[in-house]
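Encoded as structure tokens, the structure appears first; notes follow it.
Protein chains get the first letters and strands the later ones, always in sequence-line order, with residue 1 at the start of each. Below, each value reflects all heavy atoms present in this structure, side chains not excepted, and no hydrogens, waters or symmetry copies.
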Number of protein chains: 2
Amino acid sequence: MRGDIVAGNGTDPELGTRKRFRQGQILKLISSENISSQDELRRRLGHVKLQVTQATLSRDFHELKVVKTAAGYKPLTAVSEEAAALPPLGRALREYLLDLRPAANLLVLKTPPGGAQPLAAAVDAERMKEIAGTIAGDDTILVITPSPAARALVQKRMEELLR
Amino acid sequence: MRGDIVAGNGTDPELGTRKRFRQGQILKLISSENISSQDELRRRLGHVKLQVTQATLSRDFHELKVVKTAAGYKPLTAVSEEAAALPPLGRALREYLLDLRPAANLLVLKTPPGGAQPLAAAVDAERMKEIAGTIAGDDTILVITPSPAARALVQKRMEELLR
DNA sequence: GAAAGCCTCGTATAAATATGCAGGCTTGTG
DNA sequence: CACAAGCCTGCATATTTATACGAGGCTTTC
């Protein structure tokens with residue numbers, strides 16, 4: 001027996017209308033203004049005659065699939081959810097690469113112990129035509145290209161993937 | 001003078017290498033396993049000989065633009081960031097629509113007071129060929145279509161946008 | 001029309017995340 | 001070498017978010 005004044009469906013003429021309206025306002029506010037917390041949003045909604053608690057907004061965000069990003073709250077559509085994942089090689093490089101050294105037509109990649117095999121596999125999987133082949137030990141990979149020019153190209157691509 | 005044992009750059013052979021490696025592992029872990037908090041992630045990283053605090057992971061997430069979604073942590077690429085926004089009509093409907101009533105070849109939309117004009121503008125902007133025209137008052141919009149069939153189509157589309 | 005099932009939502013609080021501060025590294029620079 | 005600057009990070013804690021619980025309203029069912 002803690003709460004006293006409770007809401008129910010409030011003054012709803014139709015079922016769930018208040019909620020839907022509020023969620024619409026939420027989407028509008030987060031896309032226009034720069035809101036930095038659910039509590040701030042709660043205060044803004046007050047201006048529009050919508051009184052709710054932070055808890056409700058947390059639930060709304062969940063339903064609307066709104067996430068908090070460095071640049072404010074964003075609705076996450078099905079589309080954008082899929083797009084979220086690094087390409088294999090990019091991920092492998094980030095994961096394992098410690099050093100990348102050019103040597104004429106060769107590229108020497110250093111990894112932590114045991115990292116060479118998996119990273120080499122990712123490089124191979126990329127099937128870059130500039131790569132003649134790879135040899136991987138325990139913490140070192142030799143990437144062999146036909147020429148220094150090709151090597152430069154491969155190197156550039158890897159550096160971009162690391163960004 | 002609170003902390004005693006502090007990390008600095010640790011055993012880094014190269015500057016910032018440890019950090020990069022850790023961030024790679026983070027991306028790998030969050031994409032494969034189902035991690036539900038930064039602290040859980042911290043424990044997982046322990047298995048791979050990476051000792052860090054939750055605070056550091058929070059900072060890593062920020063740098064990697066990783067956000068927390070209902071379905072785990074996701075890296076937010078530039079691409080997916082753009083995709084985040086509802087189409088105008090969908091947003092307007094969510095924002096204003098209280099009720100949607102069919103009537104022969106007409107569709108009556110109810111909004112909160114003052115909502116009719118903006119919503120009607122969004123409907124007009126959509127330029128659906130099944131819509132002959134709209135008339136908006138203060139809290140009601142009349143959408144006029146040539147036939148009941150066209151009306152059904154428009155209605156269906158709006159309901160989908162609301163879903 | 002009472003019971004059961006469902007929503008929606010507030011309260012209180014637990015859980016998760018972000019951050020101010022300080023210290024250890026490393027890298028210049030005079 | 002001493003000193004300053006910049007980084008990465010831990011610690012402690014402030015801030016933010018999620019949730020267990022229960023209330024009240026609505027609808028459906030017998």
Is the shortest distance from a Lys or Arg side-chain nitrogen in [X] or [Y] to a carboxylate oxygen in the other one below 4.0 Å?
X: B:E126; Y: B:R157; result: yes
X: B:E40; Y: B:R44; result: yes
X: B:K19; Y: B:E63; result: yes

With respect to the side chain of A:V52, which nucleotide from C:dT19, D:dT19, C:dG10 is positioned closest?
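The closest nucleotide is C:dG10.
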Could you state the atom-to-atom distance from [atom1] of [X] to [atom2] of [N] in whole Å?
X: A:F61; N: D:dT19; atom1: CZ; atom2: P; result: 15 Å
X: A:E63; N: C:dT8; atom1: CD; atom2: P; result: 7 Å
X: A:L57; N: C:dT8; atom1: CG; atom2: P; result: 15 Å
X: A:R20; N: C:dT8; atom1: CZ; atom2: C1'; result: 15 Å
X: A:D60; N: D:dT16; atom1: CG; atom2: C1'; result: 16 Å
X: A:Q38; N: C:dA15; atom1: CD; atom2: P; result: 18 Å
X: B:R42; N: D:dG10; atom1: CZ; atom2: P; result: 10 Å
X: B:H62; N: D:dT9; atom1: NE2; atom2: P; result: 15 Å

Which heavy atom in B:P75 sits nearest to a heavy atom in B:I30, and how many Å separate them?
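For B:P75 versus B:I30, the nearest heavy atoms are CD-CD1, 4.3 Å.
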Phosphate OP1/OP2 of [N]: any [X] side-chain N/O under 4.0 Å:
X: B:Y73; N: C:dT17; answer: yes
X: A:K68; N: D:dT16; answer: no
X: B:T56; N: D:dG10; answer: yes
X: B:T53; N: D:dG10; answer: yes
X: B:K19; N: D:dT9; answer: no
X: B:Q51; N: D:dT9; answer: no

Once hydrogens and angles are ignored, does a donor-acceptor distance under 3.5 Å link the base of D:dA18 to the side chain of A:Q54?
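When only heavy-atom distances are counted, A:Q54 does reach the base of D:dA18 through a donor-acceptor pair under 3.5 Å.
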Look at the side chain of B:R59 against the base of C:dG20 and say whether a donor-acceptor pair falls under 3.5 Å; ignore hydrogens and angles.
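Answer is yes: a donor-acceptor pair is held.
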Could you check whether [X] gets within reach of a base, just the sugar-phosphate, or nothing at all, counting any heavy atom under 4.0 Å?
X: B:S37; answer: sugar-phosphate
X: B:E40; answer: nothing
X: A:R22; answer: sugar-phosphate

Could you check A:V123, A:L153, A:L107 and say which one makes a side-chain contact (heavy atoms from CB on, under 4.5 Å) with A:I131?
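In the set A:V123, A:L153, A:L107, the residue that makes a side-chain contact (heavy atoms from CB on, under 4.5 Å) with A:I131 is A:V123.
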